[in-house]
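Comments concern the structure below.
Note on naming: letters A, B, ... go to the chains in the order of the sequence lines (proteins, then strands), and numbering restarts at 1 for each one.
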Number of protein chains: 2
Amino acid sequence: MRNAEFDRAQVLRGAMAAFMRKGYTKTSMQDLTQATGLHPGSIYCAFSNKRGLLIAAIDQYQQDRNEQFKLIFSNTRPVLNNLKNYLDNVVVECVSCDSQQACLLTKALNEIAEQDDEIQHIISQNLQLWQNALTAQFELATSQGILQGELNSEQRAQYLMMGIYGLRTFAHTHPQAEILQQLANKLFDDVCR
Amino acid sequence: MRNAEFDRAQVLRGAMAAFMRKGYTKTSMQDLTQATGLHPGSIYCAFSNKRGLLIAAIDQYQQDRNEQFKLIFSNTRPVLNNLKNYLDNVVVECVSCDSQQACLLTKALNEIAEQDDEIQHIISQNLQLWQNALTAQFELATSQGILQGELNSEQRAQYLMMGIYGLRTFAHTHPQAEILQQLANKLFDDVCR
DNA sequence: CCCATTCTTGAATGTACATTCAAGATATTA
DNA sequence: TAATATCTTGAATGTACATTCAAGAATGGG
């Protein structure tokens, strides 16, 4: 008889930002009411509780990132150019030092790992989809004869994921663009080797 | 007129373990009294507060890891063997999935980054010492003519640090020894390239 | 062996938090 | 426009937490 007034995606993006800034535990419901513009009652009505809001935010994050991924890879340029652009984009995010540009999945994974099996599973699954998408790109490059070497596409994707995780953590101590870009360049070379 | 009864190092190792298991925020003082065997009053007397206990625990962690580092590198075997052993050791820690085997520095860095400047600074400094020690090993190998290529020793150390950070995060989603060892092997190759 | 000093104990304190709920507001339907 | 269903509001609730503190215990010097 009456529809909710808020825009679910916008609310979840606000929650995302809050969780990325302070981490799940340290983010209070008060932070979340501010970040989402919703009153506590509305949050509990729509997402059950703080944990439910995190799960919904992770889902929205995955959708948003998937759009971005498609944007980078859906074109006719050479696959390796797209991959390099993708990695350079990660570097830009790291350099900005803007906590909103962090990766919600890895942030939550590092915080919650071994504490909440269900959330850990959700995050792992999302990261796996991610890795699969990268594997597909490497597979494409291989089928085009662009990539050679001992590694298969899955191994390349795993190594790239590992490198991106590492880059994001490393950036906390060395936020200089030059250093990060250099590491990313070598990572790209090594992945393609 | 009277000495403290507890063994400071042991107390701090208990606190370390607690912080590594749950993270700083989620670890309650009750957890810490259990983990350290100390009553709240004693903790506050010795370390001011929970934050002070974390800082002291980080310091103890650094000392302990430094001992371990020396143990691995203080011998007459080839430098690169030692480096490989060191990396393999990280893999073993990752595989165990034992949260006590995590790295307190990276765990705290990922949680607290951009939230507590002083702690961030302490962690960064400790990680830098770490990186410097690795740089020295690469420098040694280079001076022995074992390492060639475009990279300088600092760049190699940075790349290795990045890789280790990445490996630790990646292990949360892929704790299989085989996969992690494969990634570590390639990382070592690429670092030495 | 007693005194002075320091350490230990753990219950008490106040605060900050996640969550609930009942009253009020608003939209849709008839 | 009236009735009804649903959403919104934000103060109230109980809990869990970090921290304090005063009483008690233990040590070593004299």
Side-chain angles (χ1 to χ4, degrees), chain A residues 1-58 60 104 107-108 111-112 115-119 122, chain B residues 1-58 60 104 107-108 111-112 115-119 122:
Chain A
M1 292 274 177
R2 195 188 156 196
N3 296 323
E5 286 176 3
F6 60 84
D7 177 343
R8 189 180 161 95
Q10 280 309 320
V11 161
L12 290 176
R13 290 194 189 102
M16 257 184 240
F19 284 134
M20 285 193 268
R21 190 169 328 116
K22 291 196 176 187
Y24 175 69
T25 308
K26 201 69 188 306
T27 302
S28 67
M29 283 306 292
Q30 200 177 329
D31 292 333
L32 290 168
T33 57
Q34 268 203 297
T36 60
L38 258 48
H39 291 252
S42 301
I43 293 179
Y44 280 83
C45 179
F47 307 105
S48 299
N49 51 31
K50 184 180 162 185
R51 184 170 171 278
L53 182 56
L54 174 66
I55 292 175
I58 287 174
Q60 183 68 45
L104 179 59
K107 175 102 186 164
E111 178 178 352
I112 298 176
Q115 296 231 82
D116 186 320
D117 287 346
E118 192 191 346
I119 290 184
I122 290 170
Chain B
M1 290 277 175
R2 194 185 157 197
N3 297 322
E5 286 176 4
F6 59 86
D7 177 345
R8 188 182 162 96
Q10 281 308 321
V11 160
L12 290 176
R13 289 192 190 105
M16 258 184 236
F19 285 135
M20 285 193 268
R21 188 166 333 113
K22 292 198 176 185
Y24 174 70
T25 309
K26 201 68 188 305
T27 302
S28 67
M29 283 305 293
Q30 200 176 330
D31 291 332
L32 290 168
T33 57
Q34 268 203 294
T36 59
L38 258 48
H39 291 250
S42 301
I43 292 179
Y44 281 83
C45 179
F47 307 105
S48 299
N49 51 30
K50 185 180 161 186
R51 184 169 172 280
L53 181 55
L54 174 67
I55 292 174
I58 288 174
Q60 183 67 45
L104 179 59
K107 176 100 186 164
E111 179 178 349
I112 298 176
Q115 296 230 83
D116 186 319
D117 287 346
E118 191 192 347
I119 291 184
I122 290 171

Could you check which residues of residues 14-31 of chain A get a heavy atom under 4.0 Å from DNA chain C? Sort them by number, please.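 Per residue number, the list reads T27(A), S28(A), M29(A).
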Looking at residues 35-51 of chain B, who's got a heavy atom less than 4.0 Å off DNA chain C?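 Output list: H39(B), P40(B), G41(B), S42(B).
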Tell me the side chain to side chain donor-acceptor pair (under 3.5 Å) pairs involving residues 40-53 of chain B, sequence neighbours left out?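 Listed by first then second residue: R51(B)-D116(B), R51(B)-E118(B).
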Write out all pairs satisfying side chain to side chain donor-acceptor pair (under 3.5 Å) with one or both partners inside residues 31-40 of chain B, taking only residues at least two apart or from two chains.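 Listed once each, the pairs are K22(B)-D31(B), S28(B)-D31(B).
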Would one find more than 12 heavy atoms of other residues, nucleotides or ligands at under 6.0 Å from atom CD of Q10(A)?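 Yes, because the 6.0 Å sphere around CD of Q10(A) holds more than 12 heavy atoms from other groups.
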Are any non-hydrogen side-chain atoms of I58(A) and F19(A) less than 4.5 angstrom apart?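 I58(A) vs F19(A): side chains apart.
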Mind calculating the distance between [atom1] ([X]) and [atom2] ([N]) to the nearest angstrom?
X: F6(B); N: dA26(D); atom1: CZ; atom2: P; result: 17 Å
X: L32(A); N: dG10(D); atom1: CG; atom2: C1'; result: 16 Å
X: Q34(B); N: dG10(C); atom1: CD; atom2: C1'; result: 15 Å

If you round to the nearest 0.5 Å, how far is CD1 of I43(B) from CG of L32(B)?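 Spacing of CG (L32(B)) from CD1 (I43(B)) equals 5.5 Å.
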Straight-line distance of L54(B) CG to L104(B) CG, nearest 0.5 Å: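 The distance works out to 6.5 Å.
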Report the residues that fulfil side chain to side chain contact (heavy atoms under 4.5 Å, CB included) with [X], sequence neighbours left out, ordered by chain and then residue number.
X: Q60(A); answer: A9(A), L12(A), R13(A), M16(A), Q63(A), D64(A)
X: A35(B); answer: A18(B)
X: A46(A); answer: F6(A)

Run the side chain to side chain donor-acceptor pair (under 3.5 Å) test against T25(A) and tell me which residues pass, sequence neighbours left out.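 By the side chain to side chain donor-acceptor pair (under 3.5 Å) rule, T25(A) matches E111(A).
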Axis-to-axis angle across the helix from dC1(C)-dG30(D) to dA30(C)-dT1(D), five pairs an end, to 10 degrees?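 Here the helix ends are tilted 10° relative to one another.
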